[in-house]
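Just below is one structure, and these are the notes that go with it.
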Amino acid sequence: MIFNDFGMDTASLAGSLESKLAAVRRAGFAQVMIAAGDIVGHPAGIDAGVRAVRASGLRVTGLEALRDFEGLDARLHAYKVDVAKSMLEVCAAIGGRMLIVEASTSTHAAADPEAIVRDLRTLAILAIPLGIRIAFKGVSWSRTVKDFVAAGDVVLRADCPNLGLAIDAFDVIAAGVPQSDLDAIDPEQVFVVQLSDYMWHEIRSTEEQAATATHFRVFPGEGAHSEGLADFITKLDEIGYCGDYSFDVYNDDYLQMPPDTVAARAQRAAEWLGETVLRRAL
């Protein structure tokens with residue numbers, strides 16, 4: 001069974017890049033989101049990392065993630081532009097056509113909407129010659145753009161065809177964002193939807209939310225919010241979203257488990273979402 005709609009993030013798995021890619025393929029997935037560190041940190045060099053991805057037979061969902069890019073000035077801005085150019089080159093090298101950009105959490109980032117729009121437009125223009133789309137993601141503990149509604153407004157104002165949204169189900173559920181807000185989003189603006197859950201029934205602080213997001217996510221169907229997650233995905237389907245879903249599961253425990261074991265958990269999540277929630281014949 002090949003899950004064409006669903007993919008995994010290599011950051012969810014332990015081991016070498018080659019073992020991660022093989023585990024994703026054996027679990028039946030046709031695509032993979034690549035963490036940039038898996039390429040540039042390959043022990044045999046970047047070229048070897050690129051070859052491993054291209055030889056895997058998996059479609060590259062995208063490369064992640066450029067962080068703290070927008071709202072900076074002077075040398076900080078120039079520095080981040082150089083970082084962005086490098087990541088775009090890596091993305092193109094592995095055959096990726098999308099770069100995930102997370103809203104800034106830096107205390108040095110200005111929250112001026114015009115500056116944010118200007119910077120993301122600049123990034124989108126840099127990506128055009130490489131055929132890469134920019135998927136901008138609001139983050140609930142960001143100082144600039146806290147959710148997909150605010151991110152959608154930025155994307156609309158920037159008015160670049162290769163600039164769209166990445167929507168993270170974790171942020172939506174953890175921050176209690178009303179799912180009715182999806183009605184304001186053009187499904188054509190959504191480039192990818194990232195999926196995960198978590199075990200606690202409630203998150204009591206911004207700090208706890210950030211820690212959970214980076215260390216304690218679980219796969220859909222494993223956490224305490226399966227009903228809310230199912231409703232969220234059903235709502236996306238209702239508004240006309242028919243793009244990729246990527247399991248964006250950062251969990252310290254999973255990084256101590258064999259990659260095939262973790263990929264099997266992702267496979268069960270894809271089966272639950274596809275056959276039960278979306279009722280698709282995968």
Are any of the side-chain heavy atoms of [X] and [Y] separated by less than 4.5 Å?
X: F216; Y: Y250; answer: no
X: Q209; Y: D171; answer: yes
X: I134; Y: L88; answer: yes
X: L13; Y: V24; answer: yes
X: D197; Y: S226; answer: yes
X: V81; Y: L126; answer: yes
X: D9; Y: E64; answer: yes
X: R133; Y: R97; answer: no

(message) As a quick check of understanding, evaluate side-chain contact (heavy atoms from CB on, under 4.5 Å) for I46 and V50, giving each step before the final call.
(response) CA-CA 6 Å; I46 293 175; V50 170; 4.2 Å; yes
When you measure from the side chain of [X] to the backbone of [Y], do you find a donor-acceptor pair of N or O atoms at a distance under 3.5 Å?
X: T276; Y: L273; value: no
X: S104; Y: A109; value: no
X: K137; Y: D147; value: no
X: D68; Y: S106; value: yes
X: K146; Y: S142; value: yes
X: N162; Y: A124; value: yes
X: Q179; Y: F232; value: yes
X: T261; Y: M257; value: no
X: R118; Y: A158; value: no

**Study point:** Residues Q194 and S246: side-chain donor-acceptor under 3.5 angstrom
**Key:** no
Side chains of H77 and E70: is there a donor and an acceptor less than 3.5 Å apart?
no
Checking D252, D253, N251 against H215 for side chain to side chain donor-acceptor pair (under 3.5 Å), the one that qualifies is D252
Is the centre of the Y254 ring less than 6.0 Å from the centre of the F219 ring?
yes
Take the angle between the ring planes of H225 and Y198 and call it parallel below 30°, perpendicular above 60°, tilted in between. tilted
Tell me the closest heavy-atom pair linking [X] and [Y], and the distance in Å.
X: I132; Y: A92; value: CD1-N, 3.8 Å
X: A11; Y: D38; value: N-OD2, 4.4 Å
X: R143; Y: A111; value: O-CB, 3.6 Å
X: V145; Y: A103; value: O-CB, 3.3 Å
X: A166; Y: A135; value: CB-CB, 3.9 Å
X: G49; Y: H42; value: CA-CD2, 3.7 Å

**OP:** Check the pair M8 / M33 against side-chain contact (heavy atoms from CB on, under 4.5 Å), numbers first and verdict last.
**Re:** CA-CA 6 Å; M8 287 191 68; M33 182 76 76; over 6 Å; no
Output the distance between atom [atom1] ([X]) and atom [atom2] ([Y]), rounded to the nearest 0.5 Å.
X: L236; Y: T234; atom1: CG; atom2: OG1; answer: 9.0 Å
X: F29; Y: T61; atom1: CZ; atom2: OG1; answer: 10.5 Å
X: R121; Y: I116; atom1: CZ; atom2: CD1; answer: 12.5 Å
X: I167; Y: F148; atom1: CD1; atom2: CZ; answer: 5.5 Å
X: L17; Y: L21; atom1: CG; atom2: CG; answer: 4.5 Å
X: L229; Y: S196; atom1: CG; atom2: OG; answer: 8.0 Å

Same apolar cluster: [X] and [Y], side chain cutoff 4.5 Å:
X: L66; Y: I94; answer: yes
X: F6; Y: M98; answer: no
X: V155; Y: I185; answer: yes
X: L72; Y: V139; answer: no
X: I173; Y: Y245; answer: yes

Q: Assess whether side chain to side chain donor-acceptor pair (under 3.5 Å) is satisfied between Q31 and D244, documenting all intermediate values.
A: CA-CA 9 Å; Q31 58 179 295; D244 292 330; 3.2 Å; yes
Do we get R217 above F170's six-membered ring, with its NZ or CZ under 6.0 Å from the centre and within 45° of the axis?
yes
* To do: Begin with the C-alpha distance, continue with both residues' side-chain angles, and end with the deciding distance and a verdict on side-chain contact (heavy atoms from CB on, under 4.5 Å) for F191 and L165.
  => CA-CA 6 Å; F191 290 171; L165 297 175; over 6 Å; no
Is a salt bridge present between D183 and K235, judged by a nitrogen-to-oxygen distance below 4.0 Å?
-> yes
